[in-house]
Amino acid sequence: MDKKRFYITTPIYYPSAKLHIGHAYCTTLTDIFARYKRLRGFECYFLTGADEHGQKIEKNAAAAGKSPQQFVDEIVEGFHKLWKLLDISNDDFIRTTQDRHVKVVQDIFSKMLAKGDIYLGKYKGWYCTPCESFWTDTQVGPDHICPDCGRPVQVAEEEAYFFKTQKYVDSLLKFYEENPKFLTPESRKNEMINTFIKPGLDDLCVSRTSFSWGIPIRENEKHVIYVWLDALTNYITALGYDSEHPELFNKFWQDPECETIHILGADITRFHAIYWPMFLESLGLRKPDRELIHGLLMMRNSKMSKSKGNVVDPYPLVERFGVDAVRYYLAREVTFGQDGSFTPEQFVERSNTDLANALGNLLNRTVSMINKYFGGVIPAYQGRLNSVDGELESVIQTSVKQYENLLDDLKITEAITAAMDIVNRANKYIDETTPWVLAKDPEKEKELASVMNHLATALFTAGMLLKPVLVTASDKLFAQLGLNPEEVSYEKVYDVTFLGGQTVNKGEQLSPRLDATIEVPFIQYLMAGNQ
RNA sequence: CGCGGAGUAGAGCAGUGGUAGCUCAUCAGGCCCAUAACCUGGAGGUCGGAGUGUUCAAAUCCUCCCUCCGCAACCA
């Protein structure tokens, strides 16, 4: 929290097919961090995008009878739609086919080549002649069969450029040591060292000649730049590195006052944790401050696959249940850093328990009582009339503090729990104070007023803490409390006395209860591949 | 010995040294402001197994074993 600016990214996703809920998970988490930082007054830049080159795109496009560009244009259109639907607040969207990226990547390649960090060598692999594809040892399996067509493969070689990893291994290890927070969870660092670095890191293949849908190498037009040198560099090309307009790059990458964070899934850890710092060092650039590695979402305890009927398309899910329910589920249900699973039952349960029963119902009953007992006007703060008032206030204050500490440390699941503690305590507070009893005794009016004021404050605070997650419900909550969502400031969470005087507006239910007997089968139907 | 993760109440999960927790389900009670919601309490776990391992103290650290899962150079 000591830096002023904040740069946060998702990986750029591969548009060979539609996005699934795993992509939505990653992007939603990133969006929540970005929104939180903005709420806290940081100048924040949030980047996502698409990694559009490669053989798979080339082949899928051909199979669809389209040009690769046409093919990715259509799929990327779907990315934009999904992010809009999920209310993702990215500041930019980079596509690796854009000029601003292509040119700079070519420059980067030239620089590394000139510096001697890239050299021309031979790539050896298993080659399937009919498919015109190279495969790795593990892809072909013990029987040496093409994973695509099932025919036998042959050992083959092609000319390729390689990045000299050995040159940077020592300084990478030193970097890990000097920056213990670079990789989260920390276990990932050990994994990188033990699995990849210790056994001896091979040089990284950074070009291919076996397909052409990629960024051509200026020095040798037969070659296109291969995956990671093309993909990882998006994080800086999007900011205008090496361009005529490097302002954003200077501000959000090179400036030590800016904290730079990559969010990524466990499956691409090594590229981000090993090669990316090496590339940056080769270019003489700063390395990112942190990389947050989240777990992968499994579907019913096995990896997503359509044949198993367990893929979830987030789009219809959001359309039916709303952006808040989906965002909340993703951020709350899966412990950050662990693999998680999506099940329809859990989704419905989480939405009902937390959003409908706890938060939505608390708002509903509070607003109803303020209407009934005080003509719709929230009574002014009355002080702490008794120990129960004091207890609620102290839960609010400690929850705010916990929430901030947790989110500053990017612990999202626990931070949400801290916010919900306020809601749960407030529900209990109603039972303890029994406002409907107080209302019958005119002498208890002040106590009743205090109860209503405290409840409104609890709701406001919880709503503010949850605002990065519940992007629409939080504003609805503020509006029901008679506040203008445009005008409420985060700083008010520290003040338990400021509410009072405004007129509540009882609106629609914040979050309706879902009927599991209807919604669970509905989600299952979606997961079976139906729309 | 490829690497890693997981095994905690009927189900799903938190919990990295200090009296076993949460959600759902279940049982009993309360309340009636509210979205059949809310509040209280009960029952239900020898925390995968083993160890005459470490420690004043272990779900948590150590050793071995069993089971499941993921990754293994373009699935976040």
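Here the structure is a predicted model, which means the values were calculated and not measured. Computed from heavy atoms alone, side chains included, the values below leave out hydrogens, waters and symmetry copies. The sequence lines fix the lettering, A, B, ..., with proteins before strands; numbering per chain opens at 1.
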* May I ask you to verify if any side-chain N or O of A/R350 is less than 4.0 angstrom from the OP1 or OP2 atom of B/U23? =>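 No.
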Between [options], spot the one nearest the side chain of [X], thanks.
| X | options | result |
| --- | --- | --- |
| A/I430 | B/U35, B/C75, B/C33 | B/C33 |
| A/Q346 | B/G4, B/C13, B/C74 | B/C13 |
| A/K56 | B/U35, B/A34, B/C75 | B/C75 |
| A/W436 | B/C31, B/C24, B/C75 | B/C31 |

For [X], answer base if it contacts any base atom (sugar-phosphate contacts may also be present), sugar-phosphate if it contacts only those atoms, and nothing otherwise; contact means non-hydrogen atoms under 4.0 Å.
| X | answer |
| --- | --- |
| A/N357 | sugar-phosphate |
| A/N427 | sugar-phosphate |
| A/T366 | nothing |

* Asked: Among A/L29, A/L410, A/I412, A/I8, whose side-chain contact (heavy atoms from CB on, under 4.5 Å) with A/L292 holds?
  ->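 Considering A/L29, A/L410, A/I412, A/I8, a side-chain contact (heavy atoms from CB on, under 4.5 Å) with A/L292 is found only for A/L410.
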* **Distance-only side-chain donor-acceptor flag, A/D203 / A/T165, under 3.5 Å** =>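 Per modelled atom types, A/D203 and A/T165 side chains form a pair under 3.5 Å.
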Value in whole Å for how far the [atom2] atom of [N] lies from [atom1] of [X]:
| X | N | atom1 | atom2 | value |
| --- | --- | --- | --- | --- |
| A/Y429 | B/C39 | OH | P | 15 Å |
| A/E333 | B/C13 | CD | P | 8 Å |
| A/H272 | B/C74 | NE2 | P | 13 Å |
| A/Q509 | B/U35 | CD | C1' | 4 Å |

* **Distance, P atom - from B/C22 to B/C64, rounded to whole angstrom** =>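 It works out to 36 Å between them.
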* To do: Decide if the gap between the ring center of A/F46 and the ring center of A/F33 is smaller than 6.0 angstrom.
  =>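 They do not qualify: ring centres at least 6.0 Å apart.
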